[in-house]
Amino acid sequence: MASSKGLPAARPDQVYVTVSPIAGGFITLADKFFVSPADPEAKRTVPSLTFLVTHPGTTAFGGDESKPFRLMFDLGLRRAKERYPKKLQDHIDGRAPHALPPGVAAQLKAGGLDPSDINLVMLSHVHYDHHGDPEDFPNAKFLIGHGAMEVLKHGLGSIASHQHFEPDTLPEDRSSELSDPDGSDWHPLGPFPAALDLFSDGSVYVIDTPGHLPGHVNLLCRLGEKDIGTWQAPEGHTLCIHLDQAGAAASIERLQKLQILGGDEVELVAAHEDEWWEKNKSRQFPMLL
């Protein structure tokens with residue numbers, strides 16, 4: 001059954017994941033590489049984002065359902081330019097200014113998580129600015145999209161400086177490919193023809209997104225929904241900011257549906273919405289919304 005947004009509805013016992021972004025280094029890219037028309041001189045320094053996805057516990061991929069299962073989606077850039085082959089070092093020099101250190105593993109350690117506790121690394125694709133330092137994750141299994149292993153092993157020919165691949169990038173004994181998106185394990189999801197329920201519990205879907213490179217995928221993660229806050233009064237009874245909690249919940253749901261139905265033609269603004277204010281304070285009086 002689909003939700004009102006065209007996505008799979010939450011199950012009664014739905015499992016949720018948490019997601020933490022990590023900047024896996026920075027490189028400078030020209031606008032003309034991505035959009036047209038573009039100023040031929042315009043450049044911007046951008047992150048190679050990676051994501052730590054934490055599942056509360058699963059037996060998938062050899063996990064222990066009594067312990068958190070930790071998935072890294074992409075590893076960004078290697079932590080030092082010298083860790084790349086000469087061809088890619090030269091390519092990176094052409095992406096200056098850049099900042100590769102300290103690497104994803106060091107940032108995990110700084111945040112209190114040992115890289116050896118990562119269960120699975122999944123790569124959106126196998127370009128140099130996404131595969132990072134696989135050596136820093138000694139216990140992780142590696143999972144890449146269908147057809148990506150062929151690219152790693154045999155390359156694409158010398159069609160561009162960023163299309164250089166090293167056959168031994170991933171550990172041979174811990175790496176595998178996703179199944180073919182045309183197979184029976186994959187199903188349509190929203191506007192996408194093929195999606196894979198990674199943990200078979202509706203918490204994370206792998207989305208087949210071809211075009212950029214063979215085996216290119218994205219993730220759709222189901223994050224825990226927030227409920228209306230309540231707290232305990234000193235006398236022991238429950239308090240709520242709303243006089244009628246159930247009525248307020250129904251009103252909020254209607255507002256959310258209005259936003260979905262209206263799309264870009266509807267802008268919802270709450271009186272105490274700090275993020276909206278920070279993005280839009282330049283529109284305050286005498287300006288107009």
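Everything quoted here is computed from the prediction, not taken from an experiment.
- Enclosure of atom CZ in R283 by more than 12 non-hydrogen atoms of other residues, nucleotides or ligands within 6.0 angstrom is indicated.
- Considering every non-hydrogen atom in both F142 and L170, the closest pair reads CD2-CD2, 3.8 Å.
- Between H98 and T28 there is no side-chain heavy-atom pair separated by less than 4.5 Å.
- Taking 4.0 Å as the cut-off between side-chain N and carboxylate O, K153 and E150 do not count as a salt-bridged pair.
- Put simply, the side chain of D39 does not reach to within 4.5 Å of the side chain of D31, judged on heavy atoms.
- A salt bridge links R79 and D136; the closest N-O separation between the charged side-chain nitrogens and carboxylate oxygens is under 4.0 Å.
- In this structure, K81 places its NZ atom where more than 12 heavy-atom neighbours from other residues, nucleotides or ligands lie under 6.0 Å away.
- Across every non-hydrogen atom of D185 and S179, the tightest pair is OD2-OG, 3.9 Å.
- Under the 6.0 Å cut-off for aromatic ring centres, H162 and Y128 do not qualify, their centroids lying 6.0 Å or more apart.
- For H212 and H127, the ring centers are positioned less than 6.0 Å apart.
- Checking H146, H130, H125 one by one against H216, the ring pair (Phe, Tyr, Trp, His ring centres under 6.0 Å) holds for a single residue, H125.
- Using a 4.0 Å cut-off between charged side-chain N and carboxylate O, R11 and D197 make a salt bridge.
- A donor-acceptor pair shorter than 3.5 Å can be found between the side chains of H55 and D201.
- When side chains are defined from C-beta on, T169 does not count as touching V126, because their heavy atoms never get closer than 4.5 Å.
- Ion pairing of K257 with E253 is present here, as a side-chain N (NZ or NE/NH1/NH2) and a carboxylate O approach within less than 4.0 Å.
- More than 12 heavy atoms of other shown residues, nucleotides or ligands fall within 6.0 angstrom of atom CD in E267.
- Using a 4.0 Å cut-off between charged side-chain N and carboxylate O, E135 and R83 make a salt bridge.
- Considering only heavy atoms from C-beta on, Q284 comes within 4.5 Å of W277 through its side chain.
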